Amino acid sequence: MPELPEVETVRRGLSPMMEGKTFLRVEQRRPDLRFPFPARFAERLTGQTVRHLGRAAKFLKAELSSGEMLIMHLGMTGRFTIDGAPTASFAADPGSDAKHDHVVFHLEGGVQITYNDPRRFGFMELWPVAQFDAYPRLKKLGPEPLSNGFSAAYLNEALAGRQTPIKAALLDQAVVAGLGNIYVLEALFRAGISPKRKAASVVGARAERLAPAVNAVIAEAIEAGGSSISDFAATDGSLGYFQHSFDVYDREGEPCKTCADPIKRIVQSSRSSFYCGKCQR
DNA sequence: GCTTGGACCTGATTGC
DNA sequence: TGCAATCAGGTCCAAG
């Protein structure tokens, strides 16, 4: 389940394969993912050179020589595999399911990058670089963790008056961009804040704990992802997922790593929340 | 304006 | 053993 750290890991893996390279051929194997592909998608990519591969929140953005931006979102199960690369470490994933290979990018130098997405929650779009600020899906995003705009003072302001649980508020991309279910729960555990607590009450000392907790969780996950690329590629060649041990996520009934009380599970906004009822208030 | 919950999607897991 | 139901979750959107 790609959240910001996983997407950054994917970006770092794809970047050396894509930047400065030209799309020789693009195979689009179905009309849509979560949304329909842009009109003449493959045609508009073919012959274009990737000037830069960047990221905004969970979105990957490839700036093309045509003046368009290829925007890619991995959704829940999207992944890229690199094949035929000059470096043998990025071999094809033998376990991948080819029937969910929806897009194949053939780049110069014999590099083949395949987008696989069983649940098709991901999407790809093309948008003019010059008008990127107006791209609707990114226009309403809040600041990213680790950015200058994200701080305890910002949280004080952004959460003021919000009656929804803090868990739901942090999942709102307009409040913080790039957080998903897992890292929200991990950050709340570190900050000692219950996911049930009303967002508006997370001010002052609580916000002072939460902002650095969010930053630390994301920074550590990016570091773990980055360092796992080579290990993971050596085994199956895929990018974007890495093993990570969590303090509370998916640990219902297991002892809290701080106080040994069993981790609880509740459902909020139709999503599972895991927390320690003793450490988190 | 804010909040909630359903829809989308399919593989894996659970329950009968 | 086999089938059906449930769950997972990022984002959008309709409804309250």
Side-chain angles (χ1 to χ4, degrees), chain A residues 1-11 29-37 55-61 71-80 93 95-103 115-125 127 135-142 144-145 155 157-188 195-202 214 217-218 221 236 238 240-244 246 248-253 263 265-275:
Chain A
M1 47 214 84
E3 300 189 21
L4 189 154
E6 286 83 357
V7 178
E8 176 60 20
T9 299
V10 171
R11 190 198 68 76
R29 296 181 174 173
R30 55 173 299 123
D32 59 358
L33 293 171
R34 177 172 167 76
F35 308 115
F37 280 97
R55 179 189 60 76
K58 301 173 194 170
F59 295 75
L60 287 168
K61 41 179 201 169
I71 300 159
M72 300 175 281
H73 196 292
L74 300 172
M76 280 274 304
T77 52
R79 57 193 285 158
F80 285 98
D93 176 358
S96 71
D97 186 347
K99 81 175 175 180
H100 299 301
D101 288 349
H102 304 309
V103 182
Y115 179 73
N116 178 288
D117 189 354
R119 293 183 202 174
R120 303 205 304 276
F121 271 29
F123 54 86
M124 295 189 187
E125 295 184 318
W127 195 266
Y135 179 65
R137 302 186 203 285
L138 281 167
K139 213 164 63 171
K140 49 199 170 190
L141 291 184
E144 284 190 25
L155 283 177
E157 189 184 323
L159 300 176
R162 295 194 65 140
Q163 301 304 301
T164 192
I166 183 66
K167 153 79 183 295
L170 292 178
L171 278 178
D172 184 346
Q173 302 295 298
V175 174
V176 190
L179 287 184
N181 202 42
I182 295 172
Y183 294 120
V184 163
L185 295 172
E186 293 297 308
L188 286 172
K196 295 187 288 185
R197 173 172 285 280
K198 196 182 283 187
S201 73
V202 180
V214 168
V217 164
I218 294 298
D236 73 1
S238 62
Y241 297 92
F242 53 87
Q243 299 303 310
H244 194 76
F246 299 114
V248 287
Y249 181 77
D250 205 20
R251 294 193 62 236
E252 182 183 13
I263 299 296
R265 174 182 177 271
I266 57 171
V267 174
Q268 294 178 289
S269 316
S270 312
R271 300 279 183 266
S272 287
S273 288
F274 301 90
Y275 70 105

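Per chain, numbering begins at 1; letters A, B, ... match sequence-line order. Worth saying up front: this structure is predicted, and the values here are computed from it rather than measured.
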Report the residues that fulfil side chain to side chain donor-acceptor pair (under 3.5 Å) with [X], sequence neighbours left out, ordered by chain and then residue number.
X	answer
Glu157(A)	none
Arg11(A)	Glu8(A)
Asp250(A)	none

**Asked** When you match Arg34(A) and Arg265(A) each to their closest nucleotide on DNA chain C, which lands nearer the 5' end?
**Response** Arg265(A)
**Request:** Please list, by residue number, the residues of residues 117-125 of chain A whose heavy atoms come closer than 4.0 Å to an atom of DNA chain B; answer none if no residue qualifies.
**Result:** Pro118(A), Arg119(A), Arg120(A), Phe121(A)
**Message:** Using the side chain to side chain contact (heavy atoms under 4.5 Å, CB included) criterion, which residues pair with Lys196(A)? Sequence neighbours excluded.
**Reply:** Ser194(A), Ile266(A), Gln268(A), Tyr275(A)
**Asked** With sequence neighbours excluded, what pairs up with Phe37(A) under the side chain to side chain contact (heavy atoms under 4.5 Å, CB included) test?
**Response** Gln28(A), Leu33(A), Phe41(A), Val103(A), Met124(A)
**Complete:** Computed from five pairs at either end and rounded to 10 degrees, the angle between the axes of the helix from dC2(B)-dG16(C) to dC16(B)-dG2(C) is 60°
**Polar pair under 3.5 Å, donor/acceptor by atom type, side chain Arg137(A), base dG10(C)** = no
**Item:** hbond_proxy Arg162(A) side chain to dT4(B) base (donor-acceptor, 3.5 Å cutoff)
**Value:** no
For residues 170-181 of chain A, tabulate all N or O donor-acceptor pairs below 3.5 Å that involve a side-chain atom, not counting sequence neighbours.
from: Asp172(A); atom 1: OD1; to: Ala174(A); atom 2: N; distance (Å): 2.9
from: Asp172(A); atom 1: OD2; to: Arg162(A); atom 2: NH2; distance (Å): 3.2
from: Gln173(A); atom 1: OE1; to: Gly178(A); atom 2: N; distance (Å): 2.7
from: Gln173(A); atom 1: NE2; to: Leu171(A); atom 2: O; distance (Å): 3.1
from: Gln173(A); atom 1: NE2; to: Leu179(A); atom 2: O; distance (Å): 2.9
from: Asn181(A); atom 1: OD1; to: Lys167(A); atom 2: NZ; distance (Å): 3.0
from: Asn181(A); atom 1: ND2; to: Ser272(A); atom 2: O; distance (Å): 3.1

**Asked** So does Asp32(A) pair up with Arg30(A), basic N to acidic O under 4.0 Å?
**Response** yes
**Asked** Is the shortest side-chain N/O distance from Gln173(A) to OP1 or OP2 of dT11(C) below 4.0 Å?
**Response** yes
**Request:** Using only side-chain N and O atoms of His100(A), determine if any of them is under 4.0 Å from OP1 or OP2 of dC9(B).
**Result:** no
**Message:** Taking any heavy-atom pair under 4.0 Å as a contact, classify Arg30(A): base, sugar-phosphate, or nothing.
**Reply:** nothing
**Item:** Value in whole Å for how far the P atom of dA7(B) lies from CG of Asp32(A)
**Value:** 19 Å
**Item:** Minimum-distance nucleotide to Asn181(A) side chain [options: dT4(B), dG9(C), dC12(C)]
**Value:** dG9(C)
**Message:** Under the salt bridge (Lys or Arg N to Asp or Glu O under 4.0 Å) definition, can you give me all pairs with a residue in residues 179-188 of chain A, not counting sequence neighbours?
**Reply:** none
